[in-house]
Q: 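Below is the structure I would like to discuss, written out as structure tokens.
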There are 2 protein chains.
Amino acid sequence: MPENREVTIYDIAKHLNISAATVSRGLKNNPMINKNTRKKIADAAKQLGYQSNTFASSLRSKHTHTLGVLVPRLNSYFMSSVLAGMENAANRHGYNLIIAQSLEDAEKEKLNAETMFNKRVDGLLISLSYNTQHINHLEPFFKRKIPVVFFDRVYPHNESTSIVINNYGAAYNITQHLIEQGCRRIMHLGGNVLRNVYKDRLDGYRQALNDNRLPVIQQLYLTSNLSEQAGIEAARYILDMAPDDRPDAVFSANDTAAVYCMLTLKAAGIRIPEDIAFAGFNNDPISKVIEPNLTTVDYSGDTVGNTAVTNLINHLKGDSNLYITNSITLRSDLVIRASSLKKQIARN
Amino acid sequence: MPENREVTIYDIAKHLNISAATVSRGLKNNPMINKNTRKKIADAAKQLGYQSNTFASSLRSKHTHTLGVLVPRLNSYFMSSVLAGMENAANRHGYNLIIAQSLEDAEKEKLNAETMFNKRVDGLLISLSYNTQHINHLEPFFKRKIPVVFFDRVYPHNESTSIVINNYGAAYNITQHLIEQGCRRIMHLGGNVLRNVYKDRLDGYRQALNDNRLPVIQQLYLTSNLSEQAGIEAARYILDMAPDDRPDAVFSANDTAAVYCMLTLKAAGIRIPEDIAFAGFNNDPISKVIEPNLTTVDYSGDTVGNTAVTNLINHLKGDSNLYITNSITLRSDLVIRASSLKKQIARN
DNA sequence: TGAAATACTGCAATCGGTTGCTTAAAGATC
DNA sequence: GATCTTTAAGCAACCGATTGCAGTATTTCA
């Protein structure tokens, strides 16, 4: 037993007294090859314990059946759902995922992009870091026509597709909902407006206020990284205000900040939604556990991931053309729960 | 500008009138090559827009700087923390991660393992699916001496390392804690005992009961997949019992089932911890949001991932030898919160 | 029956780096 | 000044699969 050397198509070829070319074709079920021969090749492969060498193949054939995924952080509920959706779709089509995180750092994003390129991924799926300013680091991909799909945190670019939801509309609706519940001083906890998701949510919030002839109050707009800590600090900020200046509702651009803000306010004796109504974004599991349950926007990470990968692969297979599709907007739903129901009776 | 062809080391070589071998060595900063020449090569590479081709290199050099990660599911808080930790450690050492999920299905696990092997990962990190019975599908790795590291859901094997926590001890302690709070009829929500984590937690629970001369009651042991739904069903099961037969505490093998069980019981008017105390496992974010806050076992997914990858890479670099290390047990902490405090005053 | 079409299979170049071995030049030693 | 080191660089085989083109056997059809 040769412990060391790999079993290659040459071993199979020698074993069957045929050429390596035939073995290669046979293993791919190329109809050029006689059915019997194919069978013999498959049997011999199994018998000899042959395992194809992917990158020998990639070297020659110029595609790797690997997609690069570059996200800000791996460990959020939303992102892990996206990845799960991506992995599923990719796996179904025989593709693999190389995954890296930028940790919200533009520099690291750049380095990771380079690695992905060097690994010659067939396509790139990317959600931008918190402070990415430009996408020069993706130039090598564009130059070599390697398709790039942006998702969630996207960047306008006319040779790649973006997978998004209507952040503007969802924020508008949720703000409108709060207004309908009688709220007049609605605070917004937002993120970096460099990122479309936060910019659009802010715009939707403002437009809804405008359309209802409500003033946009500077003091009621806080921007942060929307972490647990940021939620707690927002609560302190509110508690430090004169009672009359306090908001009567908070719309947070994510659920985490909303929930930790609620917890802190509740501990200080503020009643929710009676004193302050709450709404978040993402439909994170914690939104269903907090009491009262948090009104939020549901949008499926799984679907985002699935759509992004499916479109990318269809493009790679030539079934469709990504360059034509500029952006795909997925469905999102306003999920109304007790945290925002000032008027009606709260339900779970 | 040649749009199509890649820029290769040959282009650099021609450009500088030196050999490709020198370029190859120069790019790797091989001290055999004169410093000036190295500089010239680096400059030319940048100027020509050279990007190394990883798999051409892998083909010859026999290592890919890629690690395979095979998990049951991507979208759980714990697993995404593990992945984040892994990615971090891997990135730091110049390694990449190919990630796939088995979706708790042994068959898919097998297929994914094969793909990973074909991609010639330098090492494999795996947490077993819910119903994996054996690890024959990892034989190709063992045969070719590709190191395998199990984490969390492990399998005894004397040529690979396992990264675990002391599930038995943690479960023992948490049960002991509940007993000290005066609980006598402690229910356990467990998972498939095929998996060490659930088996060990069950054993720890039982041993604690034994050591306190408490009976192990058949009706108070439920096994499930520990999903939200399973938590709800466990609650219904409890509510269906005659009040005197009901448990006075529930120890769940994960937080998700514990939390949804609590929510359902609370809705039915059961007081926690007065009527039934609760303890979970994992320190999932929801455990800090549920009221009362859930007593649980904290163990850092990030550390698990980090440790697994670091050990694997050290082995690959020859700095240490995995075959000697049979298992690494990481620290875990009992986090006591209000859900189990029958005696003392609950605190957040 | 002979020519053309069809069905298989093989030859050999190729993908882009890597590396053992050799060679050439410069420097050191006595 | 001859021999030995040391340093730097090149030659060419190699990794394992793929594929355009060519070659041979078999079938088809007039």
Side-chain angles (χ1 to χ4, degrees), chain A residues 2 4-42 44-45 48-66 115 117-122 140 144, chain B residues 2 4-42 44-45 48-66 115 117-122 140 144:
Chain A
N4 268 344
R5 243 178 50 77
E6 299 203 10
V7 180
T8 71
I9 54 169
Y10 297 99
D11 299 321
I12 300 179
K14 207 175 297 168
H15 186 81
L16 296 176
N17 250 319
I18 58 180
S19 79
T22 304
V23 175
S24 173
R25 294 195 175 97
L27 287 170
K28 304 231 116 158
N29 257 311
N30 187 322
M32 285 253 121
I33 305 297
N34 187 297
K35 273 212 163 186
N36 288 324
T37 315
R38 296 210 298 253
K39 179 81 171 67
K40 270 193 271 179
I41 292 171
L48 300 179
Y50 169 79
Q51 298 275 167
S52 83
N53 185 321
T54 312
F55 47 79
S57 152
S58 298
L59 178 57
R60 179 67 218 255
S61 66
K62 302 282 196 188
H63 37 73
T64 55
H65 283 263
T66 300
T115 314
F117 185 88
N118 289 347
K119 295 247 166 177
R120 298 293 190 275
V121 293
D122 286 348
R144 299 221 41 136
Chain B
N4 267 344
R5 243 180 51 77
E6 298 203 11
V7 180
T8 71
I9 54 170
Y10 295 98
D11 298 322
I12 301 180
K14 207 175 300 168
H15 185 80
L16 296 175
N17 249 320
I18 57 179
S19 80
T22 305
V23 175
S24 173
R25 294 197 175 95
L27 287 170
K28 304 229 116 158
N29 258 310
N30 188 320
M32 281 257 119
I33 304 298
N34 187 298
K35 274 212 163 186
N36 288 325
T37 315
R38 292 207 305 250
K39 177 83 171 66
K40 271 193 271 178
I41 291 170
L48 300 178
Y50 170 78
Q51 297 276 166
S52 81
N53 185 320
T54 311
F55 48 78
S57 151
S58 299
L59 178 58
R60 179 66 217 254
S61 67
K62 302 283 194 188
H63 36 73
T64 55
H65 283 263
T66 300
T115 313
F117 185 89
N118 288 348
K119 295 246 166 179
R120 297 295 189 275
V121 294
D122 286 348
R144 299 221 41 138

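These numbers come from the heavy atoms of this one structure, side chains and all, not from hydrogens, waters or symmetry mates. Protein chains get the first letters and strands the later ones, always in sequence-line order, with residue 1 at the start of each.
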Q: So does B:Arg120 reach the base of D:dG16 with its side chain, donor to acceptor, closer than 3.5 Å?
A: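 No.
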Q: If you compare every side-chain N and O of B:Ser57 against the phosphate oxygens of C:dG16 (OP1, OP2), does one of them come in below 4.0 Å?
A: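 No.
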Q: So, is A:Ser19 close to the C:dC11 phosphate, meaning a side-chain N or O under 4.0 Å from OP1 or OP2?
A: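 False: A:Ser19 side-chain N/O out of range (4.0 Å or more) of C:dC11 OP1/OP2.
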Q: Expressed as a whole number of angstroms, how long is the span from B:Ile41:CD1 to C:dG17:C1'?
A: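 Checked: the CD1 to C1' distance equals 14 Å.
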Q: Name the closest nucleotide to the B:Arg25 side chain, picking from C:dG20, C:dG16, D:dG16.
A: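 Of the options given, the side chain of B:Arg25 lies nearest C:dG20.
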Q: Return the minimal non-hydrogen interatomic distance between A:Ile9 and A:Ser24, and the atom names on each side.
A: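 Where A:Ile9 meets A:Ser24 most closely, the heavy atoms are CD1-CB, 4.2 Å.
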Q: Among the nucleotides D:dG16, C:dT9, C:dT19, which one has an atom lying closest to any side-chain atom of A:Ile33?
A: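 Looking only at side-chain atoms, A:Ile33 lies closest to C:dT9.
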Q: Ignoring backbone atoms, establish whether B:Asn53 has a side-chain N or O less than 4.0 Å from OP1 or OP2 of C:dG17.
A: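 For C:dG17, neither OP1 nor OP2 has a side-chain N or O of B:Asn53 closer than 4.0 Å.
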Q: Pick the nucleotide of DNA chain C nearest each of B:Ser58 and A:Thr37; which residue has the one closer to the 5' end?
A: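 Nearer the 5' end of the strand: A:Thr37.
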Q: Between A:Arg38 and A:Asn29, what is the shortest heavy-atom contact and its length?
A: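 Residues A:Arg38 and A:Asn29, closest heavy atoms: NE-OD1, 3.1 Å.
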Q: I need the CG-P distance between A:Leu16 and C:dG10, as an integer number of Å.
A: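 Rounded to whole Å, this separation is 10 Å.
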Q: To the closest 0.5 Å, what do you measure between OG1 (B:Thr22) and NZ (B:Lys40)?
A: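 Answer rounded to 0.5 Å: 11.0 Å.
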Q: Considering only C:dC8, D:dA9, C:dG16, which nucleotide approaches the side chain of B:Ala56 most closely?
A: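 Of C:dC8, D:dA9, C:dG16, C:dG16 is nearest to the side chain of B:Ala56.
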Q: Nearest heavy-atom pair of B:Tyr50 and B:Val7: which atoms, and what distance?
A: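 Looks like CD1-O, 3.2 Å.
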Q: Please state whether the phosphate of C:dT18, meaning OP1 or OP2, lies under 4.0 angstrom from any side-chain nitrogen or oxygen of B:Lys62.
A: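 It does not, given that no N or O in the side chain of B:Lys62 lies less than 4.0 Å from OP1 or OP2 of C:dT18.
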Q: Taking donor-acceptor contacts at under 3.5 Å, does the side chain of A:Arg60 reach the base of C:dG16?
A: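 A donor-acceptor contact between them is absent.
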Q: Indicate the atoms forming the closest heavy-atom contact of B:Glu6 with A:Lys62, along with that distance.
A: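 In this case the closest contact between B:Glu6 and A:Lys62 is OE2-NZ, 4.1 Å.
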Q: Using side-chain contact (heavy atoms from CB on, under 4.5 Å), reason through B:Asn53 and B:Thr8 one step at a time and then give a plain yes or no.
A: CA-CA 8 Å; B:Asn53 185 320; B:Thr8 71; over 6 Å; no
Q: How long is the line joining CZ of B:Phe117 and C1' of D:dG16, in whole Å?
A: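 From B:Phe117 CZ to D:dG16 C1': 14 Å.
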Q: Quickly work out the B:Lys119 NZ to D:dG16 P distance and round it to whole Å.
A: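 Result: 18 Å.
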Q: Check whether any side-chain N or O of A:Thr22 sits under 4.0 Å from OP1 or OP2 of C:dG10, and answer yes or no.
A: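 Yes, because at least one side-chain N or O of A:Thr22 sits under 4.0 Å from OP1 or OP2 of C:dG10.
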Q: Hey, which sits more toward the 5' end of DNA chain D by its nearest nucleotide, A:Lys28 or B:Pro31?
A: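 Closer to the 5' end of DNA chain D: B:Pro31.
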Q: Per the atom types in the model, does the base of C:dG16 pair as donor or acceptor with the side chain of B:Tyr10 at under 3.5 Å?
A: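 Flag unset: no donor-acceptor pair detected.
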Q: Could you report the tightest heavy-atom contact between B:Ile18 and B:Val23, atom names first, then the distance?
A: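 B:Ile18 and B:Val23 have their closest heavy atoms at CD1-CG2, 3.8 Å.
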Q: Between B:Gly26 and B:Ile33, what is the shortest heavy-atom contact and its length?
A: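 That would be N-CG1, 4.0 Å.
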Q: From CE of A:Met32 over to C1' of C:dT9, roughly how many Å is that when rounded to an integer?
A: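 Whole-Å distance recorded here is 10 Å.
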Q: A:Phe55 CZ to D:dA17 C1': how many Å, rounded?
A: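 The distance from CZ of A:Phe55 to C1' of D:dA17 comes to 11 Å, rounded to the nearest Å.
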Q: Look at the side chain of A:Ala21 and decide which nucleotide, out of D:dA17, C:dG10, C:dC15, has an atom nearest to it.
A: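 Among the listed nucleotides, the one closest to the side chain of A:Ala21 is C:dG10.
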Q: Looking across every strand, which nucleic acid part, if any, lies under 4.0 Å from B:Ser24 by heavy atom: base, sugar-phosphate, or nothing?
A: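 It contacts base atoms.
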Q: When the axes are fitted on five pairs at both termini, how much does the helix from C:dT1-D:dA30 to C:dC30-D:dG1 curve, in 10° steps?
A: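 The angle separating the two end axes equals 40°.
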Q: Between the main-chain N or O of A:Ser58 and the side-chain N or O of A:Thr64, is there a donor-acceptor pair closer than 3.5 Å?
A: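 No, the answer is negative, given that no donor and acceptor are paired below the 3.5 Å cut-off.
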Q: Rounded to whole Å, how long is the line connecting atom NZ of A:Lys35 with atom C1' of C:dC8?
A: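 Checked: the NZ to C1' distance equals 15 Å.
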Q: Reckon B:Ile18 touches a base, only the sugar-phosphate, or nothing at all at heavy-atom distances under 4.0 Å?
A: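 The answer is sugar-phosphate, as B:Ile18 gets under 4.0 Å only of primed atoms, P, OP1 or OP2.
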Q: Take atom NE2 of A:His63 and atom P of D:dA17, then tell me their distance rounded to the nearest Å.
A: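 Result: 16 Å.
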